[in-house]
Each structure stands twice: as structure tokens, then as C-alpha cells.
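Once you've had a glance at the structure underneath, I'll fire off some questions.
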2 protein chains.
Amino acid sequence: MITETVRVAVDMAVFTVRDNRLWILMIRRGKTPYEGMLALPGGFLEPGEDLDQAAYRELTEETSVLPEHMHLEQFHSYGSPGRDPRGRVVAVAYFALIPTPPTTEAGGDAAEVEWTPVDDLLRADADIAFDHRRIVADAVERVQAKLEHTTVATRFCGEIFTISQLRQVYEAVWDRSLDPANFYRKVTKIADFVVSTGQTTSIGGGRPAGLYRAGDARTLEPPMYRPR
Amino acid sequence: MITETVRVAVDMAVFTVRDNRLWILMIRRGKTPYEGMLALPGGFLEPGEDLDQAAYRELTEETSVLPEHMHLEQFHSYGSPGRDPRGRVVAVAYFALIPTPPTTEAGGDAAEVEWTPVDDLLRADADIAFDHRRIVADAVERVQAKLEHTTVATRFCGEIFTISQLRQVYEAVWDRSLDPANFYRKVTKIADFVVSTGQTTSIGGGRPAGLYRAGDARTLEPPMYRPR
DNA sequence: TCAAAAGTGTTATTAGTACACCCATGT
DNA sequence: ACATGGGTGTACTAATAACACTTTTGA
């Protein structure tokens, strides 16, 4: 049988929500190929390492976020023969959801890290390396679907948040505006999605909002269907 | 940097529906490791080959089914360091949905091919090689979810089918019984899910059933939510 | 007092569920 | 005639959407 050297890489699509928009962490490439273009952070699988471990390692090389405050999930693998001009690379792609505001750590390449609004990035004019435009688009779709029947939206918020902030997460990811009243009722009625802390906050005018933290539920019962 | 030889394999979870049950195609292993145990069909990625191409090649080595009558989709990759005792193997797993009754082709290993009901296979007593029990379980979950908002259930039927046969597919995959009357109305109301051929059939007693073929829709609007 | 955001009430519409009942065939 | 599955009617229930309205703060 003919053999071919294949390398396995892990590519990360790291998302956060800020200013009512969905942002993704990209790297400005400093060397060929695709020098000067935007690419997803990532790296090669190391000996003895699980895929999930590699993804977590790559994530912590770029950001400082505790495991319990984020969501990390594999979503697709990419292996077209020509996807990397340097050789045969199969990329296992992950997405991560982290709270806002994220702190970008000085990990050697820190100066090249760029947070970018996803909608801007996916418009045709952005220069994106490799097949990473497709990977980003796939990741966004997966995250949108994930918010419908899981509780991962809370991973975009900090430990404590208001229902309004949670709604802004849904609005940013789905790119749709939602009725605040109906959203409030639905979210607070779902068992163990959010739990009240009893405290209130008064940032940004208006009646103070109740403060909540993420509950123990991992799936939404019933789901939050996005409007069509 | 330390390098390690990694091989990329494609593993296939091939499903069909027969006798109101979901079946999966497994291989009885003829050599070590895991000799005599059941494993998913699969093989290594070949030079210059895309992942989807490799999956399709593996599928046609085991079954004879035309691309337009099946559904083939990647769902997860598995890369634990110890998952294959022969060395480092990252497996990209696909599921395929093919019509019933499937014809198993004589592909050299034909004698070792075994169609197995999924529920039997996942009961604890079955001997399954590698991490393939987990892969099968993941595949089943993905297929169940897929039937909710896509039209792939029609890939289990032949070119022409009755609404009742389509319902039996849903019942087998979801392992739940559905109300025939409500199912009929819902399915026929969704635009381009199924289209009537104008013909009827009279297999198995009772009033003859209308015959339908799959429509052009790929997503279900509205979705078919499985009962909780 | 006014603007603004939080949260509650109310109603109309729609989707889902249960099940009675008629239809069209083979035996 | 009767059993069998195909297909229609209909009433009940639950989820959704729209929006008026009250509450509680800062300015």
C-alpha cells in the first residue's frame, strides 16, 4: 500500500459576544503561506495527546479562561488534499465559547491576535487563509443551532448576568431581535437554565435587573427555537 | 518538535431500516487485535483523497447503493492515543443511510459482513472492537437528531414509498410509535418533503396507500420534533 | 417628571395531541 | 361481512407572538 505522511492539526474557532455582535479570534499570519491574511488559531496534534486535549491546549495558548466558564466542542474535520500547500494536513475543527470581555494573553504571538466581528469577516472582502472561511461559516452555523437546545449561551456571559444580557447573546448569535418580555418568561421558566441570585444590578439606566447564574441543566427543555 | 506517525482512517456507520428496527452494518474481525469481535467497516485515507471521497469509497466497498439514493455525512473524529493498539490512528467517522433491503456485495470480506439491530448491539453484552461502541452510539444520536429537521429519512426508503413506510422509518430510528393520522397530515403538508406519484399500492391488506417519492427539500419547514 | 429598561398581563394565533370515524381494498 | 390499514374531521391543549401596561431606577 502507498503511504503518505499526514499530519493532524486542531483548528480553533473561538467566539465571544461584545456590543451585541458575535466576535471570533483570528490570527494575522506572519509568514508564508497566506502571509498577512487572517487564519484560525491552531496547531498540530502532539504525541500522546487526545484531540480534546490538543484543542484545550491551543485555546489556553491564546486566551486565559477557566474550563468551567467556557464551552469547547469538536464540530467537523477537513481533509481536502490541497487545503494546505505545505503538505497533507487533516484539520479537526473545534469551536469555543468564552465570556466577554476576553483577555488575550501574551502567548508569543499575542501581537498578531485579532478579534473580528463574524459578520464582517464572512463578507466577501476579507482575506482568509486556507479553507478557514468555510470552517468559520460551519462553526457559526453549529453555534447557532447549539443555542436552540442547549444551555451553552450562558458560557458567553460571565458567572453572573442579567436576563437582558443573555438575550443579547441570543440576538448576537442568531442576528435577530427577540421580544424581551417573551424571552424573559421563557428563559426563567425552563428548569435549571438560569437561577436567581436574589441580587440586582443597575447598570445602564432603567429599572434594576435581577442577577442570575447558570444552572445545572445542559439541555433546554423545551428548546428555544430561533424565529424563522 | 517531536514528531509521531499518525494515520488517518475513515470509519463508517451504515444504517438501514428493516422490520421496524434500525440496523447497522458491522464487520466480524478476522485478525488481531480484537479478533472475532464486531467492528465498524473502514479504512485508511489514501494519498490525494478527500475525506468524503474516502468515506464514499469505503461505503461502496461494502454495499452497492447509488449516491442519489443514500445520505452520507461526517459526524465526529476520534483520536484518543490508546484507541488502536497498533499505533496512533485518528478516525474520522461518517454515517450513511441506505434503503432497505440492502444488498451486501461480495467485496472480498463479504462473508464477514453482519447486519445487526442497533438496540441489540448497544446492549452491554455485545463484543465491540476499539472504541466503536461509542462511535455507534454517537452516530445513532446524530441520525435521530437529523430526522427532526432534514429530509434524510427518505433515504431509508426506496425511490417510491408510502407515508406509512416513512412513518415506520421514524418509529424505528426514534424507537417511539407515532400517531399515523397526525404523521400523515404533517408530512404531506411540508412543502417538497414528499410528492405524490398519483399511484397506489395494496401490499399487506387494508385500503391501498398512495405512493410518494422524495421531494427537493433538504430541510424540514417546520421541523418534525420527536416526542419527549 | 421623564426616559429607559425590567418585568407582568392579556389575548390571538398557531402547532401539537388524541381519538373518533369514514374509506377502499383483500379474503 | 369483516378485518386491515389509509386517510379525514374535530375538539382539546400547549406553545408562540404581539403588545399594552406597570415597576423601579437614574438623570
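Throughout, protein chains are lettered first and strands after them, A, B, ... in sequence-line order, and every chain is numbered starting at 1. This structure is a prediction, so every number in the text was calculated from the model and none was measured.
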field: Rounded interatomic separation in angstrom, taking NZ from Lys189(B) and P from dT14(C)
entry: 11 Å
- request: Using atom CG of Leu178(A) as one end and atom P of dC19(D) as the other, report the distance to the nearest whole Å.
  value: 15 Å
query: Does the side-chain contact (heavy atoms from CB on, under 4.5 Å) test come out yes or no for Phe15(A) and Val140(A), once each step is laid out?
result: CA-CA 9 Å; Phe15(A) 294 101; Val140(A) 170; 3.9 Å; yes
field: Ring-ring centroid check Tyr170(A) Phe183(A), cutoff 6.0 Å
entry: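 Yes: the rings meet the under 6.0 Å criterion.
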message: Could you tell me if the side chain of Lys146(B) sits less than 4.5 Å from the side chain of Glu73(B), heavy atoms only?
response: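 Yes, close enough: below the 4.5 Å cut-off.
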message: Walk along nucleotides 21-27 of chain D from 5' to 3' and tag each nucleotide B, S or - by protein heavy-atom contact under 4.0 Å, base first, then sugar-phosphate.
response: --BBB--
Would you list the protein and nucleotides 16-18 of chain C atom pairs, both N or O, that sit under 3.5 Å from each other?
{"unit_1": "dG16(C)", "atom_1": "OP1", "unit_2": "Lys186(B)", "atom_2": "NZ", "d": "3.0"}
{"unit_1": "dG16(C)", "atom_1": "OP2", "unit_2": "Lys186(B)", "atom_2": "NZ", "d": "3.3"}
{"unit_1": "dA18(C)", "atom_1": "N7", "unit_2": "Asn182(B)", "atom_2": "ND2", "d": "2.9"}
{"unit_1": "dA18(C)", "atom_1": "N6", "unit_2": "Asn182(B)", "atom_2": "OD1", "d": "3.2"}
{"unit_1": "dA18(C)", "atom_1": "N6", "unit_2": "Arg185(B)", "atom_2": "NH2", "d": "3.4"}

message: Determine whether Gln199(A) and Tyr212(A) satisfy the following criterion, side-chain contact (heavy atoms from CB on, under 4.5 Å), listing intermediate values before the conclusion.
response: CA-CA 8 Å; Gln199(A) 298 175 308; Tyr212(A) 294 79; over 6 Å; no
- prompt: Hey, are the side chains of Ile24(B) and Leu40(B) touching, using non-hydrogen atoms and a 4.5 Å cut-off?
  reply: yes
- prompt: Rounded to the nearest Å, what distance is computed from the CD1 atom of residue Ile203(B) to the P atom of nucleotide dT4(D)?
  reply: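 About 16 Å, once rounded to whole Å.
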task: Decide, yes or no, whether a salt bridge links Arg218(A) with Asp192(A) under the criterion of side-chain N to carboxylate O below 4.0 Å.
output: no
Ion pair Glu112(A)/Arg28(A), N-O distance below 4.0 Å: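 No, no charged N to carboxylate O under 4.0 Å.
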field: Spacing between Phe161(A) atom CZ and dA5(C) atom P, to the nearest angstrom
entry: 20 Å
Rounded distance (Å) that lies between atom C1' of dC22(C) and atom OH of Tyr184(B):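 Nearest whole value for this atom pair: 14 Å.
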task: Mind checking Ser164(B) for me? I need base, sugar-phosphate or nothing, with any heavy atom below 4.0 Å counting as a touch.
output: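 Sugar-phosphate contact only.
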- request: Rounded to the nearest angstrom, tell me the gap between atom CG in Leu166(B) and atom P in dG5(D).
  value: 18 Å
message: From CZ of Phe183(B) over to C1' of dG6(D), roughly how many Å is that when rounded to an integer?
response: 14 Å
query: Can the ring centres of Tyr94(A) and Phe75(A) be said to be less than 6.0 Å apart?
result: no
field: Between P of dG5(D) and CD of Gln168(B), the distance in whole Å
entry: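 My rounded result for the distance is 10 Å.
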Test log, rule side-chain contact (heavy atoms from CB on, under 4.5 Å), inputs Arg176(B) and Glu171(B): CA-CA 5 Å; Arg176(B) 280 168 180 75; Glu171(B) 291 180 331; over 6 Å; no
